[in-house]
Amino acid sequence: MALVNEHYLKLKAGYLFPEIGRRVKLFAEANPNAKIIRLGIGDVTCPLAPAVIRAFHDAVDEMASEKSFMGYGPEQGYDFLIRTVIEKSYNPLGVDLKTSEVFISDGSKCDTANILDIFALENVVAIGDPVYPVYNDTNVMIGRTGEANEQGYYEGLVYMPCTEDNGFNPEFPEQAVDIIYLCFPNNPTGAVATKEQLKGWVDYALKQNAVIFFDAAYEAFITDPAIPHSIYEIEGAKKCAIEFRSFSKTAGFTGARCALTVVPEELMVNTAAGDPIQLNKLWNRRQSTKFNGVSYPVQKAAAAVYSDEGWSQVRETIDYYMENARIIREGLASAGLTVYGGVNAPYIWLKTPCGITSWSFFDKLLTECNVVGTPGSGFGPSGEGYFRLSAFGNRDSVIEAVERIKNNLR
Ligand code: MLT
């Protein structure tokens with residue numbers, strides 16, 4: 001008889017964003033005239049940049065001719081894209097990478113989940129609280145945890161509270177851990193880490209022989225030149241960190257799908273017997289077996305992001321979203337709300353008014369303002385009493401949503 005993976009049964013609610021979608025759908029069906037504004041899931045709304053679209057079209061045309069048709073590509077990604085990313089995105093930061101250290105994929109969500117394949121279950125894992133739910137749920141799915149307690153913390157995971165008191169920057173875990181997830185600029189709080197703070201984490205990981213999973217999916221939204229975009233800007237990081245980056249939010253690829261993961265060759269992890277193993281080789285092995293690469297037209301489109309024309313168009317869109325972030329942040333602050341984020345990140349993290357719960361605020365905004373956001377408690381127990389708004393909407397909707405919320409709170 002086939003048996004299920006019972007670790008899945010430990011998961012409490014549905015995945016956060018489909019759950020929000022389900023509730024919004026019910027509301028929309030019951031209120032067909034409501035003009036709902038969606039600032040919940042961080043999904044982009046601007047189209048792909050013209051230079052990107054052109055490269056995409058050209059690559060599709062290549063597929064139409066026998067001479068230029070492309071079949072299976074390298075599982076690790078095409079060299080033209082890997083070289084472009086290194087040259088245009090890492091080298092300007094003073095970071096050099098080998099082409100064999102960069103792996104192109106179809107998303108950071110999948111990569112931050114799939115990377116668990118190459119680590120032993122015995123590793124003690126630390127995640128933020130609140131946190132991007134994928135880090136938590138995939139550790140549950142793979143069997144690293146026991147059940148969740150009443151607060152929602154899973155036995156076996158180490159949670160690092162990210163609170164107003166610590167500026168949403170977690171402190172080092174009190175117990176020894178082997179794997180640490182860091183996400184900066186942070187989803188959901190919008191917090192960033194300074195060079196000194198990141199250096200603290202790198203030094204800590206090197207001392208503990210721990211590995212950092214550094215999710216940099218939102219690095220393109222950093223506006224402060226002093227804030228690092230990559231963990232490899234910190235000395236020693238190549239010996240202890242894997243970095244995840246994405247074209248999704250940077251260049252509007254949430255539907256097109258393209259991302260990259262950097263696994264430096266210097267990064268070694270031991271077997272139980274104490275033999276050092278290069279993680280790069282294991283990830284390569286894993287990807288070659290379980291993944292067939294991102295489609296050629298998508299990789300061509302992604303490379304065009306870094307052409308001079310593409311990058312100036314992409315930057316314009318990023319600036320547009322960051323202006324949305326400013327409108328939300330300043331608008332809600334003027335209505336008396338306490339707001340965080342939205343300066344170096346496309347998310348605004350606000351305190352719910354009068355201490356109401358995150359889900360009550362969600363219901364209030366949905367039913368009274370017809371605005372959808374994301375309840376902070378959906379990102380972890382320390383997110384209770386907070387609420388996340390995404391800056392990825394179109395300008396008119398963002399202005400309208402802020403006005404509706406301000407009027408409601410008056
Ligand atoms: C979010 O809203 O947190 C993101 O869109 C989720 C994701 O990138 O998978």
Side-chain angles (χ1 to χ4, degrees), residues 11 13-24 36-46 105-116 127-139 141 162 168 181-192 213-221 243-261 294 302 317-318 321-322 324-325 328 340-342 344-350 358-359 362 365-366 371-380 382-383 386-394 397-398 401:
L11 294 165
Y15 183 60
L16 179 61
F17 296 107
E19 176 60 21
I20 290 170
R22 192 185 64 79
R23 293 182 187 217
V24 174
I36 298 175
I37 299 176
R38 291 173 166 80
L39 302 179
I41 188 164
D43 195 4
V44 293
T45 51
C46 295
S105 79
D106 59 351
S108 288
K109 180 184 187 174
C110 354
D111 278 2
T112 55
N114 293 336
I115 198 77
L116 296 178
I127 62 174
D129 166 32
V131 76
Y132 179 40
V134 172
Y135 313 157
N136 183 79
D137 291 6
T138 55
N139 275 285
M141 289 170 172
C162 305
F168 306 104
Y181 288 77
L182 295 177
C183 173
F184 290 113
N186 187 259
N187 178 13
T189 65
V192 283
F213 292 170
F214 191 72
D215 186 346
Y218 298 95
E219 58 81 24
F221 296 85
E243 179 162 292
F244 304 91
R245 283 207 183 183
S246 174
F247 288 85
S248 283
K249 316 297 158 88
T250 304
F253 275 59
T254 53
R257 310 304 309 151
C258 198
L260 60 110
T261 289
V294 175
T317 304
I318 291 172
Y321 290 136
M322 290 312 288
N324 284 350
I328 299 173
Y340 297 98
N344 290 294
Y347 294 122
I348 289 83
W349 187 241
L350 58 97
S358 302
W359 277 109
F362 172 87
L365 283 200
L366 178 60
V371 172
V372 182
T374 308
S377 56
F379 297 100
S382 295
Y386 288 87
F387 199 76
R388 193 195 77 176
L389 289 172
S390 147
F392 289 117
N394 79 45
S397 311
V398 164

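Counting convention: from 1, in listed order, for ligands and their atoms alike.
- Under the 3.5 Å distance criterion, with hydrogens and angles disregarded, a donor-acceptor pair is assigned to the side chains of N394 and S397.
- Across all their heavy atoms, A191 and F184 have their closest contact at O-CD2, 3.6 Å.
- For C162, the side-chain contact (heavy atoms from CB on, under 4.5 Å) criterion is met by P130, F168, P170, not counting sequence neighbours.
- Aromatic pair Y218/Y347: ring centres closer than 6.0 Å.
- When side chains are defined from C-beta on, P375 counts as touching W359, because their heavy atoms get closer than 4.5 Å.
- Side-chain N or O atoms of R388 include one that pairs as donor or acceptor with a backbone N or O of G40 at under 3.5 Å.
- Within 4.0 Å of ligand 1, counting heavy atoms only, the contacting residues are F17, I41, G42, Y132, N187, Y218, K249, Y347, R388.
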